[in-house]
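Input: a single structure, listed below in structure tokens.
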Amino acid sequence: MNFATKVLHGSTCIDPFTGASSVPIYQASTFHQFDLDQPGTYDYARSGNPTRHALEEAIAALEGGARGFAFSSGMAAISSVFMLFSAGDHIVVAEDVYGGTFRFLTRVLSRMGISVTFVDATQTEAVREAITPATKGVYLETPSNPTLKVTDIAAVSAVAKEHGLLVIVDNTFLTPYYQRPLELGADVVIHSATKFIGGHSDVVAGLAVTRDAALGEQLYLIQNGMGAILGVQDCWLVMRGLKTLKARLDVSTKSAGILAEWLSTHPGVSRVYYTGLADHPGHLVQQQQASGHGAVLSFDVGSRERAKALFDRVKLPIVAVSLGAVETILSYPVMMSHAAMPAAEREARGITDGLIRLSAGLEDVDDLLADLKQVLDALPPLSSVQSQQSVQPQQKEAFSRA
Ligand SMILES: *Cc1c(COP(=O)(O)O)cnc(C)c1O
């Protein structure tokens with residue numbers, strides 16, 4: 001089955017009990033046992049519910065894994081997956097991981113006696129060099145946020161397998177439509193379904209899929225034991241979003257490509273980050289391991305003042321902490337996703353005061369282009385930008401806790 005068909009027919013798309021064309025919201029916390037000697041499929045809804053089960057089967061089918069799990073947020077999925085490790089274990093982690101993942105690793109997991117080393121995972125050798133006798137896992141996110149650095153999943157997985165390590169990949173940016181890490185050697189794939197999979201900026205959710213059933217059993221113990229499950233109404237919304245994933249991404253990715261090309265020719269933009277551009281350092285690896293470049297790009301307008309002017313004047317995109325929705329979303333990494341990072345460190349990573357992230361939605365791309373054009377053309381020339389004072393930590397803190 002090709003992806004477009006699989007997204008609709010790859011797993012239970014009709015309710016197996018009634019034939020309903022959409023798996024209903026089974027708003028029930030517990031299930032009557034008709035015969036004590038023959039327990040039913042479901043007993044208590046933390047342990048299993050038909051609505052959640054349908055979503056879990058759907059994501060497992062799309063990622064090509066044995067078991068799927070739905071969690072109350074992307075961070076609930078991520079933190080639950082990290083519970084596969086034990087005190088004394090060491091994990092090699094890509095340095096560009098989502099800010100919430102970084103915070104969980106450095107402020108919570110560190111207290112549980114699990115240590116991490118952050119490396120530039122785009123350099124496979126850097127991963128190899130960070131492996132110690134205590135290392136049990138490698139955690140990746142590709143392309144990374146917001147400069148879209150690409151990690152070679154197959155190459156890193158091969159190194160990890162030499163050492164018997166678990167490979168975990170956050171696949172939020174590309175979704176199984178464009179990238180299937182389990183096929184490239186990963187053991188666990190994670191999503192913030194809040195983003196492209198849900199797709200409508202109306203639900204917070206997380207998903208995880210394991211390649212094999214034994215690891216799935218271990219993760220099920222954690223899901224059921226820690227209890228960070230996704231509620232049934234939200235499961236239903238995510239399933240509804242999933243049905244149009246391909247159709248939405250086809251449009252959004254096409255627009256992102258057009259916008260990236262156009263921005264890279266505009267004199268008011270100093271740099272564009274998009275893996276679809278031939279000059280992006282990760283372009284070739286991305287083309288090998290993924291079937292599309294996705295809907296997220298970043299561009300640098302040179303200074304905080306120019307970024308602020310753009311946010312003030314832009315009409316169509318919403319300005320928000322998120323991505324992967326029907327509406328185009330602009331965000332400001334310095335004050336949003338990377339607010340907690342020291343200025344020197346983020347600047348070294350290209351996360352400058354002029355950097356803006358764009359997640360293309362479903363608007364007509366000509367309207368988006370016209371909107372960005374009216375804003376960028378009205379800004380003072382890029383060449384007038386002097387060295388600007390960096391956004392101060394207290395200014396940043398006020399903005400986002402995501
Ligand atoms: C948003 C995001 C997360 C966290 O997901 P939540 O649903 O917000 O908890 C994790 N990873 C990536 C790449 C994200 O964009």
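Both backbone and side-chain heavy atoms feed into the values below; hydrogens, waters and symmetry mates do not. Start at 1 and go down the list; that is how both ligands and their atoms are numbered.
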Sub-3.5 Å donor-acceptor pair from the side chain of T142 to the main-chain atoms of S144, do we have one? no
Any N or O on D170 sitting closer than 3.5 Å to an N or O of ligand 1? yes
K315 with D371: basic N within carboxylate O range, under 4.0 Å: no
How far is atom 4 (C) of ligand 1 from the closest protein heavy atom, and which atom is that? Y98 CE2, 3.4 Å
For ligand 1, indicate whether the residue S322 contacts it via side chain, backbone, both or neither (heavy-atom separation under 4.0 Å). neither
Any I78 heavy atom less than 4.0 Å to ligand 1: yes
Verify side-chain hydrogen bond (donor to acceptor under 3.5 Å, both in side chains) between S298 and R357, making sure each step is shown before the conclusion. CA-CA 4 Å; S298 296; R357 190 184 70 198; 5.8 Å; no
Geometric N/O contact L323 with ligand 1, under 3.5 angstrom: no
Would you say A205 contacts ligand 1, with heavy atoms under 4.0 Å as the rule? yes
Quick one: look up the protein heavy atom nearest atom 6 (P) of ligand 1 and list residue, atom name and how far away it is. G74 N, 3.3 Å
Taking only heavy atoms of S73 into account, list the atoms of ligand 1 that are under 4.0 Å away from them. 7 (O), 9 (O)
Atom 15 (O) of ligand 1 [closest protein heavy-atom partner, distance rounded to 0.1 Å]: K195 NZ, 2.7 Å
Just heavy atoms, cut-off under 4.0 Å: does N145 contact ligand 1 by side chain, backbone, both, or neither? neither
